[in-house]
Amino acid sequence: MSEIETRLTDAGFSLPEPAAPVASYVPYTIQDRTLYISGQIPFQNGDIIRGILGESMDVEGGIAAARACALGILAQAKAACGGDLDRLDRCLKLGGFVASTPYFTDHPKVINGASDLMMLAMGEDGRHARAAVGVAALPLGAAVEVDAIFALK
C-alpha cells in the first residue's frame with residue numbers, strides 16, 4: 001500500500017473504483033512527467049452527489065462533495081500510475097467547479113474539501129495552485145466537479 005493510501009486509510013477514507021468517462025474524453029493523460037486528470041464528479045455509495053449550492057445544498061454538503069471528487073482524482077491517478085500512487089511527486093493544481101446560485105459566494109470554502117483532502121493524502125506535496133468557480137450546472141446534476149494536474153517522479 002502506498003504512503004498516500006496509508007494516510008487516507010488512517011483518516012478513515014478509501015479510494016473508489018475509478019469512474020468511467022461519460023462523454024468523448026479519457027480519464028487522464030500523461031505528457032512527459034505531468035499527469036492530467038479529467039474532471040471528477042462526486043460519488044457516494046455509487047450515487048452522484050447532486051445539488052445546487054445556495055439552493056438545495058449547504059456549504060458542508062459541498063465540502064463533502066468536493067472531498068469525494070478528490071478521492072475520485074486519486075483513484076484515477078492510481079490507475080494512471082499502474083496502481084502505484086508512490087509515483088506521484090506532487091499535486092500542481094486543482095480546478096474546482098461548483099454548481100451554485102448566482103448569489104452564492106463561498107466557492108473557495110467548498111473546494112477546500114478537495115484541497116484539504118489532497119494535503120491530508122500527500123502532506124506538503126499536496127499543496128497546490130487552484131481555481132474555484134461557480135457555474136450554473138454541471139454534468140449529470142453534480143454539485144461539484146474537480147480536475148487535477150500532478151507532477152510524476
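All residue numbers refer to positions in the sequence shown, counting from 1.
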Q: Kindly indicate, with the supporting measurements, whether the criterion side chain to side chain contact (heavy atoms under 4.5 Å, CB included) is fulfilled by Arg7 and Asp10.
A: CA-CA 5 Å; Arg7 287 177 178 172; Asp10 289 350; 5.8 Å; no

Q | Nearest heavy atoms of Met119 and Arg127, plus distance in Å | A | SD-NH1, 3.4 Å

Q | Straight-line distance of Thr101 OG1 to Met57 CE, nearest 0.5 Å | A | 13.0 Å

Q) What pair of heavy atoms forms the shortest contact from Ala99 to Ala142, and how long is it? A) CB-O, 3.7 Å

Q. Distance from Leu71 atom CG to Phe43 atom CZ, nearest 0.5 Å?
A. 13.0 Å

Q. Measuring from Met122:CE to Cys91:SG, what's the distance to the nearest 0.5 Å?
A. 6.5 Å

Q. Cluster question for you: counting only ILVMFWY and a side-chain heavy-atom cut-off of under 4.5 Å, with indirect links fine, are Val22 and Ile37 together?
A. no

(Q) Working to the nearest 0.5 angstrom, can you tell me the gap between Leu74 CG and Ser14 OG? (A) 12.0 Å

Q. When clusters are formed by joining ILVMFWY residues with side-chain heavy atoms under 4.5 Å apart, either directly or through shared neighbours, do Phe150 and Leu15 land in the same one?
A. yes

Q: Could you pull out the closest heavy-atom pair between Ala66 and Ile111, with the gap in Å?
A: CB-CA, 4.2 Å

**Q.** 4.5 Å side-chain heavy-atom contact, Leu117 and Leu8
**A.** yes

Q) Are Ile49 and Phe104 joined in one hydrophobic group, where the rule is that I, L, V, M, F, W and Y side chains link up if heavy atoms are under 4.5 Å apart? A) yes

Q: Look at atom OH of Tyr25 and say whether more than 12 heavy atoms of other residues, nucleotides or ligands are closer to it than 6.0 Å.
A: yes

Q: Can you see which heavy atom on Ala75 is nearest to which on Glu17, and at what distance?
A: CB-C, 4.4 Å

Q | Heavy-atom pair with the smallest gap, counting every atom of Ala80 and Arg87 | A | O-NH1, 4.0 Å

Q.
Side chains of Pro18 and Lys78, heavy atoms from C-beta outward: is any pair under 4.5 Å?
A. no

Q) Is any side-chain heavy atom of Arg130 closer than 4.5 Å to a side-chain heavy atom of Pro108? A) yes

Q. For Gln40 and Cys69, which heavy atoms make the closest approach, and how far apart are they?
A. O-SG, 3.1 Å

Q. Mind checking whether Ile30 and Leu94 sit in one hydrophobic cluster, side chains of I, L, V, M, F, W, Y counted as touching below 4.5 Å?
A. yes

Q: Check whether any side-chain heavy atom of Leu92 lies under 4.5 Å from a side-chain heavy atom of Arg90, and answer yes or no.
A: yes

**Q.** Non-hydrogen side-chain atoms of Leu138 and Ile41 separated by less than 4.5 Å
**A.** no

Q.
Side chains of Asp89 and Lys153, heavy atoms from C-beta outward: is any pair under 4.5 Å?
A. yes

Q) Are the side chains of Thr34 and Ile149 in touch, meaning some heavy atoms are under 4.5 Å apart? A) yes

Q. Looking at CG of Leu88 and SG of Cys81, how far apart are the two atoms once the value is rounded to the nearest 0.5 Å?
A. 4.5 Å

Q. Is the closest side-chain heavy-atom distance between Glu3 and Asp86 below 4.5 Å?
A. yes

Q: Check whether Val110 and Leu120 end up in the same hydrophobic cluster, where Ile, Leu, Val, Met, Phe, Trp and Tyr are linked by side-chain heavy atoms less than 4.5 Å apart.
A: yes

Q) When rounded to the nearest 0.5 angstrom, what distance separates OH in Tyr28 from CD1 in Ile73? A) 15.0 Å

